[in-house]
Novice: 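Starting off with a structure, shown below.
Every chain is numbered from 1, with letters handed out A, B, ... down the list of sequences.
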Amino acid sequence: MRWSQMFIPTLRDDPADAVAPSHRLLIRGGFIRQLMAGSYSMLPLGMRVATKVSDIIREEMNAIGGQEFLAPVIHPAELWKTTGRWDDVEGIMVKFEDRRGIDLVLALTHEEVFAHLASEISSYKELPQLWYHLQTKFRDEARPKSGLLRVREFIMKDSYSLDRDRDGLDRQFEAHRGAYNRIFTRLGLDSIAVEASSGNMGGSDSVEFVVRSETGEDRVARCGRCGYSANLERAVSLVEEIEDTPWGGEPQPFATPGIRTIAGLAEVGEFAAAERQIKTLAYMVGDEFTLVVLRGDHDLEVQKLADSVGEAVRTATEEEIVAKLGAHPGSLGAVGVLYPVVADHALKGRTNLVTGANEDDVHIRGVDVDRDLPVTKWLDLRTVNDGERCGSCGEGALSVTNVIEVGHIFKLGTKYSQALGANVLDETGRPTPIVMGSYGIGVGRAMAAVVEVSHDDRGIIWPVSVAPFTVVITLLRPDNPGVAEAGDRLYRDLVEVGLDVLLDDRKERPGVKFADSELIGIPYRLTVGPRGLEAGEVELTARDGWLRENLPILQVTERLVGLMS
RNA sequence: CGGGCUGUGGCGCAGCUUGGUUAGCGCGCCUGCUUUGGGAGCAGGAGGCCGUCGGUUCAAAUCCGACCAGCCCGACCA
């Protein structure tokens with residue numbers, strides 16, 4: 001490809017509204033352009049990268065027996081009503097009607113469609129199956145951001161395993177784990193597999209593949225000693241026990257005018273230190289008003305709450321709170337309430353604590369959890385903090401880091417096959433629901449993740465595996481006949497041996513060409529100029545700086561082929 | 001959804017407070033000449049419904065209102 005004929009709109013300045021490095025560089029390098037919030041066009045350069053990422057994914061999926069499909073991106077609402085997700089995913093689902101007035105949705109994912117297809121399988125003998133496709137998803141995210149890292153429209157590789165039993169599912173799940181490790185390694189990503197929440201996908205186990213990055217929105221805890229790693233949505237740590245001083249008597253209300261926060265209350269006195277307070281939060285669990293209580297200095301991990309109650313949860317509104325408890329947030333407590341109370345384990349057995357009195361500007365001291373709180377459920381609800389003791393081995397310290405989620409694999413079970421009647425007959429002739437797994441990788445996000453972990457102040461540094469071109473031939477004087485001829489010959493030779501070559505024949509000054517080639521991150525550059533040609537040589541450099549050498553023009557092909565292996 | 005900010009040629013910005021020539025600057029783009037191993041110089045030129053709608057006014061990029069869009073923080077997130 002000749003650069004002069006290719007659409008590569010590089011920008012000298014950073015776009016004003018891009019903050020994340022991958023966002024900045026993909027725009028500046030002419031890989032992507034935004035159409036609206038969370039929606040990007042792939043330009044030719046971006047498309048070349050996306051294609052290479054997709055091809056790697058395809059190869060590894062095929063290697064574990066995957067069969068490629070292409071399912072539609074517009075689904076009948078009926079399909080989603082059948083599994084109940086029509087209501088569950090209210091908000092991010094785009095719904096509309098066709099001319100007949102039939103409800104339609106844009107695909108958020110494809111469990112329903114593949115389970116529907118699977119209903120054509122009638123015998124256990126036809127299992128296992130592994131089906132996948134690369135297809136557009138649309139999720140009307142409340143807050144798209146950071147370029148390709150969090151978008152509304154994106155292409156995802158999603159695969160669906162179909163088995164007769166849990167053992168089969170386990171095998172396909174492990175096969176995916178292996179395939180995902182190979183995929184991310186080939187993409188140049190140092191991925192970590194972590195325990196994760198299944199969210200409202202349903203099912204049992206789920207493992208996320210994450211890449212460490214400041215820009216990442218997810219957080220994971222890892223134990224340096226035993227290797228335990230989990231998303232903060234699930235991570236568990238050991239909390240140091242606290243020695244309570246006895247109080248003995250009845251709980252005693254006391255006036256706390258104007259105090260609305262844990263920190264504010266802690267200033268009242270030693271007896272009200274944050275770890276001696278009960279934090280009371282009001283949530284709607286399903287349709288039920290529920291109080292959630294934790295130690296004052298602990299934070300609620302909402303996903304843990306949702307996962308353990310198995311229902312949709314949301315914070316109660318201030319109006320609901322006042323109506324139910326008669327006080328505003330800041331003075332809430334669970335002493336003697338008639339509503340369900342779920343409590344974090346760290347409060348178990350605590351005595352002489354301080355909490356709100358459900359009367360504005362009044363708190364209560366001397367509260368014994370077991371005696372005074374009508375706890376209906378004890379759960380793990382708190383958010384793990386950096387440095388706490390590992391909940392798995394009990395000895396190592398957990399470190400919490402930001403990560404980008406690049407892949408997620410789920411053991412779904414039979415939720416979808418049961419809802420959609422995807423059954424097979426077993427050996428005894430009895431219908432049994434197909435056991436499913438679902439596995440996703442976002443193509444664009446993977447691209448962005450590569451840029452996040454592989455760039456410098458000059459631009460992107462693509463690994464050869466996904467680089468839009470492997471080598472760029474930079475002609476310093478394209479109007480010089482000798483240079484043009486040498487460039488053409490090198491181009492033909494390198495294309496001949498199967499390399500992706502970009503010939504920079506633009507009539508630009510050298511500085512512009514060097515800067516552009518570094519911005520778009522081509523792994524190798526051949527610099528061809530009159531000065532070098534006098535000695536019959538060209539310069540070969542590697543984008544990441546490890547190589548800079550002059551070599552005879554006749555040895556270039558052999559050298560590059562050698563570098564590829 | 002709550003809070004903050006921003007919308008002016010392709011990109012980055014000034015002008016708006018205090019309304020009044022032809023809306024300006026840098027980069028990029030086009031033409032010519034010179035230059036050419038790290039984002040050139042000179043000369044000439046093209047390109048703008050100032051986000052949209054409405055209002056105030058003799059007069060609106062500028063003041064007022066509504067709306068739309070985008071970004072950031074938070075809530076949320078398959």
Novice: Looking at A:D287, I want to see if its CG is surrounded by more than 12 non-hydrogen atoms of other residues, nucleotides or ligands under 6.0 Å.
Specialist: no
Novice: Output one letter per nucleotide in nucleotides 36-46 of chain B: B when a protein non-hydrogen atom lies under 4.0 Å from the base, S when only the sugar-phosphate is that close, - when neither is.
Specialist: BBBBB------
Novice: Figure out the CG/C1' separation between A:L35 and B:A69, and round it to whole Å.
Specialist: 12 Å
Novice: Without decimals, in angstroms, what is the distance between A:D140 CG and B:A78 P?
Specialist: 14 Å
Novice: Would the number of heavy atoms belonging to other residues, nucleotides or ligands and lying under 6.0 Å from CD of A:E174 be above 12?
Specialist: yes
Novice: Do other residues, nucleotides or ligands put more than 12 heavy atoms under 6.0 Å from A:R506 CZ?
Specialist: yes
Novice: Does B:C77 have OP1 or OP2 under 4.0 Å away from a side-chain N or O of A:R152?
Specialist: no
Novice: Could you tabulate the donor-acceptor pairs under 3.5 Å formed by side-chain atoms of residues 33-41 of chain A, not counting sequence neighbours?
Specialist:
residue: A:R33; atom: NH1; partner: A:I27; partner atom: O; Å: 2.7
residue: A:R33; atom: NH2; partner: A:P9; partner atom: O; Å: 2.8
residue: A:Q34; atom: NE2; partner: A:M36; partner atom: O; Å: 3.3
residue: A:Y40; atom: OH; partner: A:H23; partner atom: NE2; Å: 3.2

Novice: Quick one: A:R150 CZ to B:C73 P, roughly how many Å, whole number?
Specialist: 10 Å
Novice: Return the value, rounded to whole Å, for the distance between atom CD of A:E301 and atom C1' of B:A75.
Specialist: 13 Å
Novice: Measure centre to centre between the rings of A:H110 and A:F69, then say whether the value is under 6.0 Å.
Specialist: no
Novice: Now, which nucleotide makes the Watson-Crick or G-U wobble pair with B:G38, with each of the two distances under 3.5 Å?
Specialist: none
Novice: If we call it a pair only when both distances are under 3.5 Å in a Watson-Crick or G-U wobble match, what pairs with B:C71?
Specialist: B:G4
Novice: Which whole-number value in Å describes the distance from A:L149 CG to B:C71 P?
Specialist: 13 Å
Novice: Could you tell me the separation between the CG atom of A:D299 and the C1' atom of B:G74, rounded to a whole number of Å?
Specialist: 14 Å
Novice: Any side-chain N or O of A:Q34 less than 4.0 Å from the OP1 or OP2 oxygen of B:C71?
Specialist: yes
Novice: When the distance from CG of A:D14 to P of B:C27 is rounded to whole Å, what number comes out?
Specialist: 18 Å
Novice: What does B:G19 pair with, Watson-Crick or G-U, if both distances are under 3.5 Å?
Specialist: none
Novice: More than 12 non-hydrogen atoms from neighbouring residues, nucleotides or ligands closer than 6.0 Å to NE2 on A:H116, yes or no?
Specialist: no
